[in-house]
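Got a structure here, written out as structure tokens. Questions coming.
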Amino acid sequence: MTTAVPAEARYARAFISADTSGGNATWVLPVGTAPGAAEAALDKARMLARESGVEVTLEEAGRDFRFIAPEGELSLCLHGLLGGLALARREGRIAGEERAVEVKTPSGVLTARVNTVDARTFEVSVELGRQLLVPVEAGQELRATLAAALGLKLEDLPERLWNAGGARLKTLIPLETRERLAAMHVEPGAIDRIAAQLGCTGVYAFVVERADASSAHLAARQFPAGIGIAEDPATGGSAAAPALWLRRVGGHPRLNRLTISQGEDMGRPCRLVVERSGEDDAMGWWVGGRVVL
């Protein structure tokens with residue numbers, strides 16, 4: 001079936017890799033100002049997300065954003081927000097290089113920066129809200145179910161499970177090797193069935209590939225629950241979660257910068273950059289990357 005794409009919708013790829021391949025796709029749908037425009041745009045967004053299987057970002061005046069997934073609305077979708085901000089900059093609804101702008105999302109008001117690289121490419125970063133790190137009470141039966149759902153052995157799971165993130169908590173699965181991460185295989189619907197028991201909106205697995213006192217590079221995979229997407233090639237809204245875990249649990253208390261490779265196992269390589277400022281390590285996390293329109 002051919003997807004009917006509204007004429008005003010624009011396709012974007014956020015968190016593209018260094019060679020401009022890959023990225024996490026979004027449709028950006030600007031919202032007009034005429035009476036009834038918002039309702040009409042929402043109807044179009046829901047249909048486009050269902051038919052294309054791609055998240056749709058509603059962008060109004062470069063300041064107000066909503067995120068429509070194939071099976072529901074999200075409180076925050078960072079790759080969609082980056083795509084919407086890039087389009088708003090290109091079309092003049094956001095002005096001024098290097099200036100911070102405040103944007104409204106269902107998860108709250110966030111601060112963003114948008115810089116132009118060329119006519120189609122933009123560097124965009126967003127400061128996330130307060131990050132949480134919460135222990136998960138998981139008995140042996142739930143741990144075994146989780147391991148099986150991920151195609152892992154029970155001994156692959158960490159001794160203690162943690163949920164981390166902001167608007168959408170993820171259960172973190174730190175692994176020992178890149179090969180183990182690549183071998184993960186998630187049963188369709190398995191994460192949906194256990195997410196409520198874990199108290200999360202998905203599972204975020206990662207491997208620390210290199211690190212020094214203040215920075216690290218991760219390879220990551222993320223399997224969301226309840227939004228109609230089996231695996232996410234770039235999860236910007238949760239990119240600070242492993243950073244907070246590394247600082248508080250993982251033995252890197254001075255870590256302030258993180259680069260993340262994600263989506264490689266899907267053939268959609270993405271690169272995310274996470275940086276921290278300020279004294280409170282639950283705040284001040286900026287997540288950014290390149291966007292191509």
Side-chain angles (χ1 to χ4, degrees), residues 3 5 9-29 48-49 51-57 59 67 69-70 74 77-91 112-126 175 177-186 202 204-210 215-224 227-243 257-275 286-293:
T3 300
V5 179
R10 297 293 179 267
Y11 187 76
R13 290 182 292 120
F15 300 117
I16 60 172
S17 60
D19 62 359
T20 74
S21 65
N24 203 353
T26 180
W27 290 104
V28 182
L29 191 60
L48 181 56
E51 292 185 357
S52 68
V54 174
E55 181 271 338
V56 179
T57 296
E59 175 260 315
F67 313 102
L74 306 178
C77 175
L78 209 72
H79 80 272
L81 179 56
L82 265 62
L85 287 164
L87 181 66
R89 163 55 56 80
R90 188 176 76 174
E91 296 188 350
R113 293 190 179 96
V114 189
N115 295 313
T116 303
V117 177
D118 57 40
R120 296 181 58 239
T121 310
F122 301 82
E123 291 276 3
V124 188
S125 60
V126 175
L175 295 171
T177 67
R178 182 69 180 83
E179 291 73 22
R180 205 72 206 92
L181 183 72
M184 291 177 68
H185 176 72
V186 175
Y204 191 108
F206 64 94
V207 173
V208 179
E209 296 195 305
R210 56 185 179 272
S215 65
H217 177 77
L218 310 183
R221 300 179 70 181
Q222 199 270 129
F223 306 96
I227 63 173
I229 297 171
E231 182 172 354
D232 190 11
T235 315
S238 300
R257 190 176 193 274
L258 196 63
T259 55
I260 301 173
S261 296
Q262 192 178 341
E264 293 180 352
D265 299 286
M266 304 171 63
R268 295 166 61 185
C270 297
R271 182 175 186 271
L272 302 86
V273 178
V274 184
E275 296 180 297
W286 286 80
V287 177
R290 284 201 168 189
V291 181
V292 170
L293 298 174

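Positions are given from 1 along the sequence.
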inquiry  = V292 and side-chain contact (heavy atoms from CB on, under 4.5 Å): which single residue from T121, V117, D118 fits?
reply    = T121
query = Shortest non-hydrogen contact from V114 to R89?
reply = O-NH1, 2.6 Å
query = By side chain to side chain donor-acceptor pair (under 3.5 Å), which residues pair with R271, not counting sequence neighbours?
reply = none
Which atom of P233 lies closest to which atom of C270, heavy atoms considered = O-SG, 3.5 Å
message = Closer than 3.5 angstrom, by distance alone: can the side chain of E59 be matched with the main-chain N or O of G83 as a donor-acceptor pair?
response = no
key: Closest approach of H79 to A234 (non-hydrogen atoms, all atoms of both residues)   = ND1-O, 4.4 Å
request  = Identify the two heavy atoms, one from L78 and one from G237, that lie closest to each other, and give their separation to 0.1 Å.
outcome  = CB-N, 3.4 Å
ask   = Does the H217 side chain pair with the main chain of T259, one donor and one acceptor, at a distance under 3.5 Å?
value = yes
ask   = Would you say the side-chain atoms of E55 and T57 include a donor-acceptor pair closer than 3.5 Å?
value = yes
query = For S52 and W27, which heavy atoms make the closest approach, and how far apart are they?
reply = OG-NE1, 3.6 Å
key: Residue list, salt bridge (Lys or Arg N to Asp or Glu O under 4.0 Å) with R120, at least two apart or on another chain   = none
request  = Could I get the full list of salt bridge (Lys or Arg N to Asp or Glu O under 4.0 Å) partners for R10, not counting sequence neighbours?
outcome  = none
Heavy-atom closest contact (I260 atom, A220 atom, distance) = CG2-CB, 3.9 Å
